Peer 1: 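Right, I'll just put the structure down here and ask away after.
Keep in mind that this is a model prediction, so the values were computed, not measured. Residues: numbered from 1 along the sequence shown.
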Amino acid sequence: MDFLDHLTSFNTLLVMLGTSLLGVSCGVVGCFTVLRQRALVGDAIAHAALPGVCVSFLLFYDRHFGYLFAGAVVFGLLSVIMISSICSYSRIKEDAAIGIVLSSLFGLGIALSRIIHNTPDGNYAGLDNFIFGKAATITSADVWFIMVVSILAIFFVTIFFKELQLLCFDREFAWTQGYPVMALDIFLMGLVAMCTAAGLPAVGAVLVASLLIIPAASARLWTDNLRTMLFLAGAFGALSCLSGTVLSVAIPGPLASQGLPTGPLIIISSAVIFSLSLTLSPSYGLYAYLVRRGRRHAAS
């Protein structure tokens with residue numbers, strides 16, 4: 001089977017659709033976490049999703065994505081509560097609290113996944129795929145689920161755009177105007193948890209946070225307008241997912257164990273887009289910085 005046959009196969013098109021939808025929603029939601037300076041909290045939520053998936057499987061003994069998604073969201077929000085509690089009731093700063101919660105919950109997830117793997121039906125669970133992701137195993141039901149989550153995430157961002165904008169740019173002003181800033185912060189982390197949980201089958205708990213951070217950071221380099229940033233982040237997220245999937249098809253052993261996995265290639269593609277943005281952005285790129293610096297030296 002040649003490259004075009006692989007590229008147009010049903011499995012590859014399914015992966016393209018599912019990951020592209022995920023890239024759009026993660027890019028859009030990630031803009032608010034980057035502007036809110038809560039990007040690393042998203043990383044903690046991603047790692048906390050793994051024990052949530054394991055606990056859901058142990059409770060229901062069913063690999064249905066709906067059960068696993070619910071567990072991942074619950075544990076993602078639990079990680080936010082744990083980080084906030086550590087910062088509020090101790091002298092530990094947020095960066096250290098994130099590291100403590102992230103590593104502890106991820107370690108718990110690894111331990112639980114090993115326990116499940118050692119059970120008689122452990123291989124059926126296939127939960128190891130949620131650590132690093134395995135886009136080739138995405139089913140039609142998974143894509144429908146990702147589509148619903150993506151539509152809901154973008155819908156909520158559209159409805160609460162003004163409130164989220166205030167939360168990111170002027171939290172104190174939002175509080176003086178009577179906005180429930182704590183509830184809005186939890187709501188934003190809930191959106192992050194939704195997108196993170198939806199991305200586990202494709203890119204895994206280790207890499208899914210990158211889809212929330214890198215496209216948003218790339219878009220931030222191109223514009224100061226939030227609406228434009230949301231559009232660019234969604235486009236960069238989708239482009240990263242499409243190009244990563246195409247690369248996995250182009251390399252020998254497409255979407256198979258002997259070829260390069262799709263998830264990491266998606267993140268590499270996203271990193272390439274960020275590198276180009278960092279270099280070529282007309283306002284904040286390195287090239288523009290060097291040009292401005294040369295002009296200042298010439299003028300002096």
Side-chain angles (χ1 to χ4, degrees), residues 15 18-19 22 26 40-83 85-86 96-139 141-142 145-146 149 189 192-213 244 248 253 255-268:
V15 172
T19 56
L22 179 67
C26 285
L40 287 180
V41 176
D43 196 18
I45 291 174
H47 284 75
L50 180 62
V53 167
C54 295
V55 169
S56 292
F57 182 82
L58 289 172
L59 287 176
F60 300 102
Y61 220 70
D62 191 333
R63 199 182 179 279
H64 187 276
F65 190 41
Y67 295 137
L68 305 183
F69 174 85
V73 171
V74 169
F75 267 72
L77 292 176
L78 177 62
S79 70
V80 175
I81 295 172
M82 293 171 65
I83 292 169
S85 299
I86 292 173
I98 291 172
I100 292 168
V101 173
L102 183 154
S103 55
S104 300
L105 289 179
F106 191 65
L108 174 62
I110 296 293
L112 290 175
S113 67
R114 183 52 52 191
I115 291 173
I116 294 171
H117 183 75
N118 291 334
T119 60
D121 293 328
N123 290 330
Y124 158 76
L127 298 185
D128 287 348
N129 292 335
F130 288 93
I131 300 176
F132 299 107
K134 192 173 182 181
T137 62
I138 288 180
T139 65
D142 293 339
F145 207 96
I146 292 173
V149 171
M189 292 302 104
V192 172
M194 284 174 52
C195 293
T196 297
L200 290 179
V203 292
V206 175
L207 296 175
V208 68
S210 302
L211 277 181
L212 288 161
I213 300 171
S248 70
L255 297 176
S257 59
Q258 68 267 30
L260 292 181
T262 307
L265 287 175
I266 288 173
I267 304 305
I268 292 172

Peer 1: Nearest 0.5 Å, what's the CG-CG distance between L200 and L50?
Peer 2: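 Atom-to-atom, L200:CG and L50:CG are 8.0 Å apart.
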
Peer 1: If you look only at pairs with a residue in residues 201-211, which of them pass as a side-chain hydrogen bond (donor to acceptor under 3.5 Å, both in side chains), with sequence neighbours excluded?
Peer 2: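 Found none.
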
Peer 1: Using 0.5 Å steps for rounding, measure from the CG atom of D142 to the CZ atom of F69.
Peer 2: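 Between atom CG of D142 and atom CZ of F69 there are 12.0 Å.
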
Peer 1: What pair of heavy atoms forms the shortest contact from A193 to I45, and how long is it?
Peer 2: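 Heavy atoms of A193 and I45 come nearest at CA-CG2, 3.7 Å.
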
Peer 1: Does L212 reach the side chain of V192, with side-chain heavy atoms less than 4.5 Å apart?
Peer 2: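 In short, these two side chains touch, coming nearer than 4.5 Å.
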
Peer 1: Please tabulate, one pair per line, all N/O donor-acceptor pairs under 3.5 Å involving side-chain atoms of residues 100-107, not counting sequence neighbours.
Peer 2:
residue, atom, partner, partner atom, Å
S103, OG, G99, O, 2.7
S103, OG, I100, O, 3.3
S104, OG, I100, O, 2.7

Peer 1: Which atoms form the tightest heavy-atom contact between L22 and G199, and what is the distance?
Peer 2: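 Closest heavy-atom pair between L22 and G199: CD2-CA, 3.4 Å.
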
Peer 1: Ignoring hydrogens, what is the shortest heavy-atom contact between C26 and C195? Give both atom names and the distance.
Peer 2: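 In terms of heavy atoms, the two residues are closest at SG-CB, 3.9 Å.
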
Peer 1: Mind listing the closest non-hydrogen atom pair of C54 and S113 along with its distance?
Peer 2: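 Between these two residues, the closest heavy atoms are SG-N, 3.7 Å.
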
Peer 1: For the pair T262 (side chain) and S248 (backbone), establish whether a donor and an acceptor sit closer than 3.5 Å, ignoring hydrogens and angles.
Peer 2: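 Checked: no pair found.
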
Peer 1: Within the structure provided, determine whether D43 and I98 are in side-chain contact (heavy-atom separation under 4.5 Å).
Peer 2: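 No, too far: nothing below the 4.5 Å cut-off.
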
Peer 1: Which heavy atom in A46 sits nearest to a heavy atom in T196, and how many Å separate them?
Peer 2: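 It is CA-CG2, 3.2 Å.
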
Peer 1: Output all residues satisfying side chain to side chain contact (heavy atoms under 4.5 Å, CB included) with F75, sequence neighbours left out; order by chain, then residue number.
Peer 2: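 In terms of side chain to side chain contact (heavy atoms under 4.5 Å, CB included), with neighbours along the sequence ignored, F75 is linked to P51, V55, L78.
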
Peer 1: Which heavy-atom pair separates A197 from A72 by the least distance, and what is that distance?
Peer 2: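 Taking A197 first and A72 second, the nearest heavy atoms are CB-CB, 3.5 Å.
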
